Amino acid sequence: MAKIAPSLLSADFADLRTEIIKLEKGGADYLHLDVMDGIYVPNITFGAPVIKKIRKVTNIPFDVHLMIDRPERYIKDFVEAGADIITVHQEATVHLHRTIQEIKSHGVLAGVSLNPSTPLEAIEYVLNDIDLILIMTVNPGFGGQSFISQMEGKIKRMRKIIDERNLNIILEVDGGIKLSNARDIIDWGAD
Ligand code: ZN
């Protein structure tokens with residue numbers, strides 16, 4: 001069964017406690033935390049101190065999506081804040097393999113995200129090291145954007161690679177996911 005990771009980006013930031021409890025009661029499987037730094041993406045959201053505070057109000061696993069430049073500088077901060085999964089962008093870190101190893105060394109799951117224009121081949125040589133791949137279906141930076149239709153083929157291809165090679169990788173899809181297209185995206189192979 002597919003899992004749902006609602007993004008905190010859509011929440012009322014003035015009342016995060018209420019919003020998170022609502023998600024917990026609604027059955028969210030993960031809380032997706034979109035961290036943006038204003039450099040890697042043209043928007044700024046929140047960082048480890050906020051995550052550390054909201055960790056106290058819920059037991060939902062924290063799926064931390066780092067849209068920040070050179071994320072290796074902050075892995076420890078996000079682990080200490082309570083992250084269960086840390087996903088970095090392939091485009092944002094020069095030594096991807098090293099960054100993945102660092103995340104795993106802290107005992108949390110390691111994910112890699114790809115922007116719409118980044119080919120799957122970019123992570124060919126880390127497929128045996130990662131726990132999650134996050135396929136961006138909008139250009140990261142803002143909530144509320146429309147799903148880029150060409151990503152259908154990318155999701156299907158990734159599913160095929162995971163199945164054919166029997167890889168233990170969660171296939172996550174992020175951006176423009178709505179009730180109206182969620183069914184299709186699951187059918188294409190998203191977890
Ligand atoms: Zn995200």
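Because the structure is predicted, anything quoted here is derived from the model rather than measured. First listed ligand is number 1; within each ligand, the first listed atom is number 1.
- Within His65, the N, O or S atom lying nearest to the Zn ion (ligand 1) carries the name ND1.
- The 12-atom threshold is exceeded at CD1 of Ile21, counting heavy atoms of other residues, nucleotides or ligands nearer than 6.0 Å.
- Remark: the Thr93 side chain and the Thr99 side chain contain an N/O donor-acceptor pair separated by less than 3.5 Å.
- The Zn ion (ligand 1) is closest to atom OD2 of Asp174 (considering only N, O or S atoms).
- Restricting Asp34 to its N/O/S atoms, the shortest distance to the Zn ion (ligand 1) is reached by OD1.
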Q) Could you walk me through whether Thr45 and Asp34 pass the side chain to side chain donor-acceptor pair (under 3.5 Å) check? A) CA-CA 7 Å; Thr45 54; Asp34 285 309; over 6 Å; no
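- In this structure, His32 and His65 have tilted ring planes: the angle between them lies in the 30° to 60° band.
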